[in-house]
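Each remark here refers to the structure printed beneath this line.
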Amino acid sequence: MAASIQGTVRVLCRLSPSILHPLRQYPSSLQRLPVRTCPGLAPFVPPSHFFCKAASLQDEEAARAVEAFSRYKDRPWDYLESEEYIERYGTNAVWAGYRRNHKGGIPPQKTRKTCIRGDKICGNPCPICRDPNIIIHHQNVKLLQQFINPHTGMVYDPTRTGVCMKQQKKLNEAVNTAQDHGLLPFQIPYVEFSGEDYSNIHDAVGSTPPPSSLTSGDSWYKWYGEITPDENEVAKVKKTYKAYLK
């Protein structure tokens with residue numbers, strides 16, 4: 001068996017020059033052939049060139065996104081006045097026209113916890129997570145006003161705006177901070193105070209009665225004289241503190 005294998009290898013080694021010689025001459029013959037070009041058709045470009053162009057375009061878009069994010073990172077309120085924002089949203093709010101993805105015909109009572117987990121982004125991120133230039137900040141008043149009801153002054157529920165719970169928490173904190181700093185107005189309910197709640201007429205918080213009422217044998221407070229203690233309870237107290245009573 002081994003001898004037959006060695007014999008076949010020797011035969012192939014002898015025939016290999018005769019087989020490889022025409023193959024080596026094939027590229028040179030292709031170069032000598034005339035090339036015919038069609039004026040109506042574009043020259044053939046290998047697919048690798050298309051992939052390189054697509055990769056370069058993606059790199060350019062990523063570089064633009066990073067540049068825009070770094071530009072609006074320190075001053076996020078400038079993005080709402082830029083042409084890019086007006087071209088994308090116009091005069092509408094950032095959450096206008098957003099539709100949540102959910103199973104079934106009835107939407108859940110709560111939105112998702114977060115749209116970004118590590119480096120992975122969900123298929124349909126919320127209106128804030130889908131645009132990296134939108135940054136929640138207490139000085140970004142125009143953005144915060146889009147999530148506040150102008151009639152009640154309350155922040156819209158996330159089931160209406162579609163914002164995830166993580167961004168909703170940041171939104172509530174930014175609104176409270178902006179109200180504390182005086183950047184956003186807030187409503188204080190009007191309460192009409194009555195004088196009876198803060199009067200000192202009743203005996204519990206009233207002034208001490210004059211000593212003349214004690215000389216007649218009355219108690220310090222009128223309601224205290226109407227209380228009749230239980231005799232059994234009085235007997236127990238006297239028995240407990242018998243050594244201390246005189």
Side-chain angles (χ1 to χ4, degrees), residues 47-48 50-187:
S48 60
F50 291 112
F51 294 138
C52 294
K53 290 182 179 179
S56 62
L57 292 175
Q58 291 179 359
D59 295 341
E60 291 179 0
E61 292 178 359
R64 292 176 182 175
V66 172
E67 182 182 358
F69 178 75
S70 60
R71 181 174 54 189
Y72 300 117
K73 184 177 181 181
D74 297 333
R75 298 174 61 87
W77 48 88
D78 292 343
Y79 174 65
L80 275 75
E81 299 178 357
S82 63
E83 297 180 358
E84 181 181 0
Y85 175 84
I86 297 173
E87 182 180 358
R88 182 170 183 178
Y89 300 102
T91 58
N92 301 325
V94 296
W95 55 269
Y98 175 78
R99 183 176 178 83
R100 299 165 55 194
N101 288 344
H102 55 82
K103 296 181 180 179
I106 301 175
Q109 296 182 358
K110 292 184 179 180
T111 56
R112 65 173 66 93
K113 292 183 179 180
T114 180
C115 301
I116 303 174
R117 298 180 184 274
D119 297 337
K120 296 182 179 180
I121 304 176
C122 64
N124 186 24
C126 70
I128 296 178
C129 295
R130 67 182 177 182
D131 194 348
N133 295 327
I134 295 179
I135 302 174
I136 297 177
H137 195 271
H138 67 274
Q139 294 182 357
N140 198 355
V141 179
K142 290 186 177 180
L143 178 64
L144 299 180
Q145 287 177 347
Q146 297 180 4
F147 294 89
I148 298 176
N149 191 337
H151 304 288
T152 61
M154 303 295 292
V155 180
Y156 285 122
D157 193 79
T159 56
R160 179 176 182 179
T161 59
V163 179
C164 62
M165 302 305 296
K166 183 178 180 180
Q167 298 294 344
Q168 183 70 18
K169 184 178 180 181
K170 293 182 180 179
L171 194 64
N172 293 332
E173 293 177 355
V175 169
N176 293 333
T177 305
Q179 290 177 353
D180 293 340
H181 290 189
L183 301 176
L184 284 176
F186 58 95
Q187 299 178 358

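Because only heavy atoms are used, hydrogens play no part in the values below, and waters and symmetry mates are left out as well, while side chains stay in. We count residues from 1, following the sequence as given.
Proximity of Gln146 to Leu80: side-chain heavy atoms (C-beta onward) are separated by under 4.5 Å at one or more points. At least one side-chain heavy atom of Thr159 sits under 4.5 Å from a side-chain heavy atom of Arg100.
Here the straight-line distance linking atom CE of Met165 with atom SG of Cys126 works out to 11.5 Å at 0.5 Å rounding. Cys129 contributes atom SG, which lies 11.0 Å from atom CG of Asn124 (distance to the nearest 0.5 angstrom). For the atom pair CD of Glu173 and NE2 of His138, the computed distance is 12.5 Å after rounding to the nearest 0.5 Å. Annotation: the span from Lys110 atom NZ to Gln168 atom CD amounts to 12.0 Å, rounded to 0.5 Å. Interatomic distance, CD of Gln145 versus CG of Leu183, reported as 10.0 Å (0.5 Å rounding). Here the CG atom belonging to Asn101 is positioned 7.0 Å from the CZ atom belonging to Arg112, to the nearest 0.5 angstrom.
Residues Pro185 and Gln179 approach most closely at O-NE2, 4.0 Å, considering heavy atoms. Asn92 approaches Ala96 most closely through the heavy-atom pair CB-CB, 4.0 Å.
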**Request:** Apply side chain to side chain contact (heavy atoms under 4.5 Å, CB included) to the pair Lys142 and Glu81, showing each step before the final yes or no.
**Result:** CA-CA 10 Å; Lys142 290 186 177 180; Glu81 299 178 357; 3.1 Å; yes

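Using the six-membered ring where Trp is involved, Tyr79 and Tyr85 have ring planes that are perpendicular, over 60° apart on the 30 and 60° scheme. His137 and Trp77 have tilted rings, their planes meeting at an angle from 30° to 60° on a 0 to 90° scale.
Checked by atom type and distance alone, the side chain of Asn140 pairs as donor or acceptor with a backbone atom of Ile135 at under 3.5 Å. Put simply, the side chain of Asp131 never gets that close to the backbone of Pro127: no donor and acceptor are under 3.5 Å apart. No donor-acceptor distance shorter than 3.5 angstrom exists from the side chain of Trp95 to the backbone of Phe147, with no hydrogens or angles considered.
When each of Val163, Leu171, Asn149, Ile148 is tested with Tyr156 by the rule side-chain contact (heavy atoms from CB on, under 4.5 Å), just one qualifies, namely Asn149.
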